[in-house]
Amino acid sequence: MTAMTRILIRHEAILGILFVVVLIAMASQNDRFLTTANLLNQARLMTEVGLIAIPMTFVIVTGGIDLSVGSILGLCAILLGVFWQNLGLPLPAAIGLSLAAGTAAGFANGLIVTRFRVPPLIATLATLALYRGLAEGISQARSVRGYPDWFAVLGRGDFLGIPTQLWLFALVAALGIFILRFTTFGRTTYAIGNNEAAAEFSGLPVERTKLLIYTASGFISALAAIVFVSRVSTTRSDMGSGIELEVITAVVLGGTSIFGGRGMVIGTLIGLCLMQILQNGLSLSGVRGDGTTVVIGAVLIVAVLISNLLSRFSSD
Amino acid sequence: MTPILELKNISKAFGPVKVLTGVDFDLRPGEVHALMGENGAGKSTMIRIAAGDHRAEEGEIRLDGKPRRFAGPREAQGEGIIVVHQELLLFPALSVAENVFLGHQPKTAAGLVDWGRMRREARDLLDRLDCPNLDVDQRVSRLSVADRQRVEIARALSRNARVLIMDEPTAALAEADVRRLLEVVRRLRSEGVAIVYVSHRMNEIFEIADRVTVLRDGVSVGTRPIAEVTEASLVSMMVGRDIHQLFPKEDIPRGEKRLELRGVSLAGVVEDISFDLHAGEILGIAGLVGSGRTELAQTIFGVTPATSGEILVDGKPQKIASVREAIDAGIAYVPEDRGSHGIIRAQPLRENVSMAILDRLTKFSVVDTGREQSLATDAIKRFSIRARDARQRVGQLSGGNQQKVVLAKWLATEPKILILDEPTRGVDVGAKTEIHRLMGELAKKGLAILMISSELPEVLGMSDRVLVMREGRLSAIVDRKDASPAAVGAAMMQGRREPARAGAAR
Amino acid sequence: QSAWTGGDDQPTNPLACTGESPAPEPGEYNGGTPTGAPDRNGKDLKVVDIPKLVGVGYFASTASGMQEAAKELGNITVNTDGPTRANIDEQITFVDNYITSGVDGILFAANDPVAIAPVLKKALDAGINVVGYDADAEADARQWFVNQALPNGVAKSMMDQLASEIGEEGSFAIVTSTFTTPNQARWISEMQAYTEKCHPNLKFLETVEAQEDNILSFNQAQTLINKYGDELKGILGMTSVATPAAAEAVQQNGLCGKVSVVGLALPNAMKPYINSDCIQSTILWNTVDLGYAAVEVMRQVADGTLKPGDKTVKAGRLGELPIVNQSQVLLGQPKVFTKADINDFDF
Amino acid sequence: MSRRLTHTLGSLGQEILLVVVILALFAFVGVYNPRFLSENNLTSIFVGNAYIAVAAIGMSLVIISGNIDVSIGALIGVLAVISGLLVTNGYPIWVAWLAPLVVGAAINAVVGCLIAYARVPSIIATLAMLSILSGGLITFTGGQWISGLPAGYQLAQFRLFNVPSPVWFMIGMTILAGFLMRYTTFGRSVYAVGSNPEAARATGISYKATVVKVFAIHGAIGGVAAVLFATQLQVIQSTVPVGLELVIITASVVGGVSILGGVGTVFGSTLAAILFAAIGSSLIFLNVSAYWLRAVQGILILATVLADMARRRRTG
Ligand SMILES: Nc1ncnc2c1ncn2[C@@H]1O[C@H](COP(=O)(O)OP(=O)(O)OP(=O)(O)O)[C@@H](O)[C@H]1O
Ligand SMILES: Nc1ncnc2c1ncn2[C@@H]1O[C@H](COP(=O)(O)OP(=O)(O)OP(=O)(O)O)[C@@H](O)[C@H]1O
Ligand SMILES: [Mg+2]
Ligand SMILES: [Mg+2]
């Protein structure tokens, strides 16, 4: 088998082709779809999910999962509001503290997973409830509003004609690609996902890597919370609920194996964009939201089926 | 006499890889038919075809002279063809009794699983294998490799086999267990069961087999009565050339002291171990399975850090609390369980070889893939690894070549001290001699080597000194000139408690 | 517990205990204006309706009222689409997509008044007519809001009805959807204020959350009954999901006539309990009319016949509706449905 | 004998832990407010959550077989609506009761085939099903509730010996499933497949057939849960309670079913479902602000899981 065909049957390549097909199909359906304004706007809308999907790719590559990201997002949003309005801190300090809280929440996840060896699914299922509960308890159902104008720049403003948060997302995504692909940290991540014991026996810092990944997941979830609050200019304790399923869908659609050891950030990005343009394009073509949900489910199955089918023809 | 089972002109390929080509094989009732060949010769594949696990592309299977096709393992089992699998196909989460009887549990009149009878019958079977200490209610995940092997054998015995196929049943067993197993095999043979026996151990073959068939590169080289072959002729049949020197041990002057252990213990497993190891020396560790050799090695290597005692490297006390610290101190460990501790099957050879020295191959924590590539190509050349290129996945290589990859990975750390745990387990004769030759070379370059092996000939053939362990303690250190099978064997067994009789333990 | 868990912190404005309160002056228009809107007078309109969530009976009935108005008018098409969960983020995405697809008008019921404001302003900037109903956004983010009933009016109806059923001294508990839902929070605040003013001896026990989930509402009502035993005289249902579930709990416990259920619910869901005399009443505005009025207002806004400064608006079969609170169209007072008239309604 | 007892106790550790926690909770709340232990309240704790306990039985089977199902909540919603539509369209009541079982089994058999034959990982297949079922449900019903249910349809309101039928269903199905899992060859092969699919194949157990059967049974049990869900009140809601699938999975997992497959019993999941119901109710009795409900749940899940980890480490 030539190198070319090997690259072509990679899941990411198939997904890329699928993406282009959908793009063309949607563009031919509606002339408002393929405009810079619409595409940039879609990018703005998907930033929070996209941000969280980057560390989630790492988490899933190690063979783990993090279900608590939506709850961390909610908790950090609430804390931002509480620090700023109820404690009267300056907004930048509140942002810093809220980021720190998210990082701590992720660190706690990492500790439960590494030190106490609780399977990640269960650990984060528990913290999913715990962090959301804290958000509700702390907020006492009150929402915080009236953020200053400069804060809105992050979520609603532009920089050089491109939505501000997209710069942030691009930075995080580039970092994610770089770290996973080129650094020892990335290598260790793959090694853990493929054979954790062998990684341990090779002197790779298994625990530290996992701890860092879950912590990063918490930090980025907090970052997403800040972006989100800035975009909607209010904080509520139910923010981000259910976002974990969207994030995981994007990551597995992007070809990351749920069993670990395989996956790329590029794939996640394609998966994410595919989901977003399906939602947007179908909506513009007059398909209702519930119909779109059905289509996305079907696309997920079809994408995995095709890549399963093709992988039978490859030698590995 | 018509053969009970016959394979005729069997061919099988996995994708583009041809594994078996026109193999013939026949098995008569009441015989032990040994199957031999290098790693990857196709023995296990042939067995799986006979057991209905794989489907052959060409050829036919005859049972009692009549052609048969098996749709799956279940059908073959229905005909009394039972396999003890090489890779120990057990259910870790389930109990011993259940593992033995899964798929054919005893039933009550109402057709329900009869747990009481199942446990009793499992007990009886294990008693027949002489392992009264094995608790039938224990979860298999808690058993040692040797005990798992016993469970696997008990499982095969629990089905009334007409044809019993054993794929390297003794790979994880020590001498005494091997004796008992051979006893059972003889008894089954006398009951008329036809047995296929796969092993890389010559002495077992000569002890038990009636006939032997040799596979080489997926082709049957021939079938001979055991009386017509010698060890040397078998080896040359297998590898296609003569091997003159199985243990190419050279005498190397002993260098300075590299490693010293003073009263090292790992609570409950390894007690009070003291010895020293010098540059250029190969120190063998012998002992029964479960005597704590692997634990000792892993303690030195920081996997399970010592709970007391002192480890000195180059004369200086060294704290070893993690694998990283051990590597930094110049220690390398080639683990016994290659699949789960040595390699990452899904990753390319290149990334496996560089895994232990990743931090040295980086600039600002970015992996220098150029250097990595040349490291890997060097390794392929130096160890003559049979691989397509450095990008081939390690899982696709044969066992012996995988072992070489692990060796290459650890030698890349440029260690001063190399610990080899069962370096040739499940490795065929050809690859084995190559690994032995390599060990000699390394010692000559001044490496201090600690080698754990369950094969007595290997320990005796390769070591300058032999360290014998028993029940987690050091029972003897024997010099090369004094090391005879009798002396070492005695130190291994000495004072060993006789296993209590069946009933008493419960 | 003094605070009626779940209330918001906004100032309250309880109505007088007895007698009709005068209709408040509308005041100066404070809604927004679309920029560069084309002349839509009499033209065919394409309108999208984005409720808080789809899949609940409440918004299914407002949607049916919208279709009724659309059919009557003949020159407007309404398409209902929205999130499957009451989720602010998803609702924003829906609005955004419809702005891009180029509709003439957007009808919305906001999950969060502040969160939805920026995207609604974006719609106004794109020249789209924006009208809210059921749950408002910030005033300048839309043109008009069709208010089903003023919060203090809802509070008065609920508490007067409760007091008339359990007496001035009874104890009661509340079942609400979630504490964060703005409408419910507003009503609870107003109810607390009104009770302190007009029914000071009614004893508030506690508020429990039950999402938009009828089994959970049933369980929560059941637990309240078990916890307080004879002490509990009334249950207030704050949502159209909670009220019938609470009625069901009362009926299944054989407490008809002993525990009153007062709350907001669709008549259809309450008919079994009211017809069997287990429950006396249900309070609601006509949700079908609410949807109907929203479309009528949208048509007139687009035609330019409803302008800032108007005091009333003509809404088809509903006649003249008053304009209140600067830029709101008031549907009317909440209606108390009883056995006498509930069977005349079908929604 | 004593050895066997220890083993049995060891393997039932989680179940015993749960019983202890439940009893302690009942005692504690009962002392604080004796009404908590009134027959009426105990019944309502069981009745209102029986459908979750029933669904968790099927989920336990799925998890023991080494898979997971995140679509069960949506499936229950769909089946409840089917049942309601049948009965309001004039079909006999028994048809409306049985159809959800059949349809549930059929739908999930298809999912099982996707997993077993097309090798789509269960989390992906069911994530896709979640989208398809929940979107499809809205498209189909348009959000209308089903009312006007005939008399005699309310199965969940029936009583036998003055005990409501959901309690009978919960107990009966737990015992039945427990029996099935322990004493039939099928039950044992579910454990085998979850513990080591490769070994199961070599033992003559068909992985594919077992997984398809497990999913079909899970679907049928989901049908029973849906009927209990649909017949408790006079109306049937056409949306699914948000996060129902997580509640059901959590019940299974806290009940001691290992997410890694092959371990656990159905008794544990029923106990866990009871525990959750009891927590919800007891917070109201303890006058704990409902804002903290989820935080308490989260802490409790975490505590149970950590206690289980500690116990396992101690017993080796
Ligand atoms: N499922 C498979 N897919 C692809 N190749 C396979 C598969 N199973 C075995 N092979 C290849 O077939 C060849 C024969 O393997 P087999 O396991 O039969 O050897 P063996 O004689 O049993 O060796 P050993 O002594 O190491 O057990 C090897 O090259 C192996 O890599
Ligand atoms: N998975 C396990 N669970 C429980 N006990 C184990 C396990 N593996 C090994 N043991 C026990 O640990 C002790 C030391 O085992 P170890 O594997 O170190 O022996 P060894 O001398 O290296 O034998 P081997 O020939 O298998 O390498 C033995 O008592 C053994 O029964
Ligand atoms: Mg083999
Ligand atoms: Mg060992």
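These values consider heavy atoms only, across backbone and side chains, with no hydrogens, waters or symmetry-generated copies. Throughout, protein chains are lettered first and strands after them, A, B, ... in sequence-line order, and every chain is numbered starting at 1.
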Self-check item: Approximate separation, where rounding is to 0.5 Å, of C:E90 CD and A:I243 CD1
Solution: 10.0 Å

Quiz item: Of the listed residues (C:I88, C:I92, C:T100, C:N79), which shares the most heavy-atom pairs with chain A below a 4.5 Å separation?
Solution: C:T100

Quiz item: Any idea which heavy atoms bring A:V287 and C:D81 closest together, and the distance?
Solution: O-OD2, 4.2 Å

Practice problem: Name the region of A:T293, side chain, backbone, both or neither, that has any atom closer than 4.5 Å to a heavy atom of chain C. | Solution: neither

Quiz item: Which region of A:V49, side chain (C-beta onward) or backbone (N, CA, C, O), has a non-hydrogen atom less than 4.5 Å from a non-hydrogen atom of chain C, or is it both or neither?
Solution: neither

Exercise. Below 4.5 Å from any heavy atom of chain A, which atoms of C:K122 appear? Answer side chain, backbone, both or neither.
Key: side chain

Exercise. Measure A:L45 against the heavy atoms of chain C and call it side chain, backbone, both or neither at under 4.5 Å.
Key: side chain

Exercise. Could you tell me which of A:D238, A:N41, A:D290 has the largest number of non-hydrogen atom pairs under 4.5 Å with chain C?
Key: A:N41

Quiz item: Do C:D89 and A:R231 meet the salt-bridge criterion of a basic N to acidic O distance under 4.0 Å?
Solution: yes

Quiz item: Any idea which of C:I99, C:T80, C:I116 has the most non-hydrogen atom pairs under 4.5 angstrom with chain A?
Solution: C:T80

Self-check item: Residue pair A:S233 / C:V114: nearest heavy atoms and the distance that separates them
Solution: O-CG1, 3.3 Å

Quiz prompt | Heavy-atom contact with chain C under 4.5 Å, split by part of A:R288 | solution = both

Quiz item: Between A:Q42 and chain C, which part of the residue has a heavy atom less than 4.5 Å away: side chain, backbone, both or neither?
Solution: side chain

Quiz prompt | From OG (A:S283) to OH (C:Y98), nearest 0.5 Å | solution = 4.5 Å

